[in-house]
There are 2 protein chains.
Amino acid sequence: MHGYELHQHLTETTGLRLVWRIKQSQLYALLTRLEERGYLSTTLETQEARPPRKIHTLTPAGRSALEAWLRTPVPRGRDFRLEFLAKVYFARQQDQTTLHELLTAQECIFDKWLAELQNTLDTLDPTSYEALVYHFRVGQVQAMLTWLKELKAIEPGK
Amino acid sequence: MHGYELHQHLTETTGLRLVWRIKQSQLYALLTRLEERGYLSTTLETQEARPPRKIHTLTPAGRSALEAWLRTPVPRGRDFRLEFLAKVYFARQQDQTTLHELLTAQECIFDKWLAELQNTLDTLDPTSYEALVYHFRVGQVQAMLTWLKELKAIEPGK
DNA sequence: CCCTTATACTCATTAAATAAGTAATCAAGC
DNA sequence: GCTTGATTACTTATTTAATGAGTATAAGGG
């Protein structure tokens, strides 16, 4: 796909735009960076009377980086809203197994984190600011965990 | 306070560092920006054999901007984790009324947002990616709302 | 015929964040 | 007594992300 077309997909067609919005100029910059890093190869498709299209294709390195990325859960809660939901977007387009494994891996990470949070919360003065922050985090992680579980239940499982 | 001291407070003493971490160089940059915008006034305190301290004081404009900021709820959920929790940090140092009003205002905004989310969720194909994203958001907002309510109940409220 | 919209990409600028440095003092250790 | 390392206080350079605006051309609509 060339940059222009890709941008159209991202702003119109795709559901991905719900979680990941990018301006045109930023996308172009991103594409050249991805090429520099060897994830994309680019060929020019000249047209008469229009600027030539840069057709970008995933290199083998690019494809395997993508595959790896989309199987890896995110380490921190703050990456969930954007990055993890993007992973889910792509994982759903692969087989259901990929999605299931992603969800389970993420659940596992959050289970551990939740336990840690609960632990430190217990050590804190319940009237302190710290306690209030930890209490908030516990709530957020719990919400993410129930969402993960519900999604696993809904999806036409493996 | 001068920049160095402020940075020490932010990395050691304060509970604020739980939600808001800043590198030294970034803090200095921020302070000069705040001065440029008229929120801080700066005086030099020369010492022998040490670089002079820049003592920063809130201008009236700065103080009132702070007051306004800390009474204003955040418009979007993604600003909650960092910005809203910071507001709570400062609001707790004022009288309890300020905190209570902040919490209530935020609750009000999220109530409306939740209703909107529920509405659009109903119109969506439940197997679509969009539905899944909205479902997630509903969960997050609900978690924030219960946290807000619990905090209101706990604080020695007016 | 003029004005808008679509096509396709570029460039300049601002803003945010990190890393790394400076240069002097003081305390402690071998 | 000489080095090592921590403390004080602020600077500078570099990278990265993000925004905004701009270019040039052609097709389509009133």
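Just so we're on the same page: letters track the sequence lines, and every chain starts at 1. Only this structure's heavy atoms are used, side chains among them; waters, hydrogens and symmetry mates stay out. Here the structure is a predicted model, which means the values were calculated and not measured.
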Nucleic acid footprint by protein, nucleotides 9-14 of chain C - heavy-atom cut-off 4.0 Å, B for base, S for sugar-phosphate alone: BBB---
Nearest-Å distance for atom pair CG/P, residues B:L30 and C:dA17: 10 Å
Test side chain to side chain donor-acceptor pair (under 3.5 Å) applied to B:E35 and B:H56, step by step: CA-CA 8 Å; B:E35 193 188 353; B:H56 306 282; 5.2 Å; no
same_hphob_cluster(B:L66, B:L31) at 4.5 Å side-chain heavy-atom cutoff: yes
Ring centres under 6.0 angstrom apart (A:F80, A:W147): yes
Range on DNA chain D touched by chain A, heavy atoms, distance below 4.0 Å: D:dA17 to D:dA26
Pair A:E107 + A:K152, salt bridge at N-O below 4.0 Å: yes
Any B:R33 side-chain N or O less than 4.0 Å from OP1/OP2 of C:dA16: yes
A:R78: salt bridge (charged side-chain N to carboxylate O under 4.0 Å, His left out) partners, not counting sequence neighbours: none
B:T59: side-chain contact (heavy atoms from CB on, under 4.5 Å) partners, not counting sequence neighbours: B:S41, B:A61
Sugar-phosphate, base or nothing in reach of B:E45, heavy atoms under 4.0 Å: nothing
Spacing of A:L27 atom CG relative to C:dA8 atom C1', expressed in whole Å: 12 Å
Listed partners of A:Y134 passing ring-ring contact (aromatic ring centres under 6.0 Å, His included), at least two apart: none
Under the side-chain contact (heavy atoms from CB on, under 4.5 Å) test, residues paired with A:Y28 that sit two or more places apart: A:Y4, A:Q24
Whole-Å distance separating the CH2 atom of B:W20 from the C1' atom of C:dA17: 10 Å
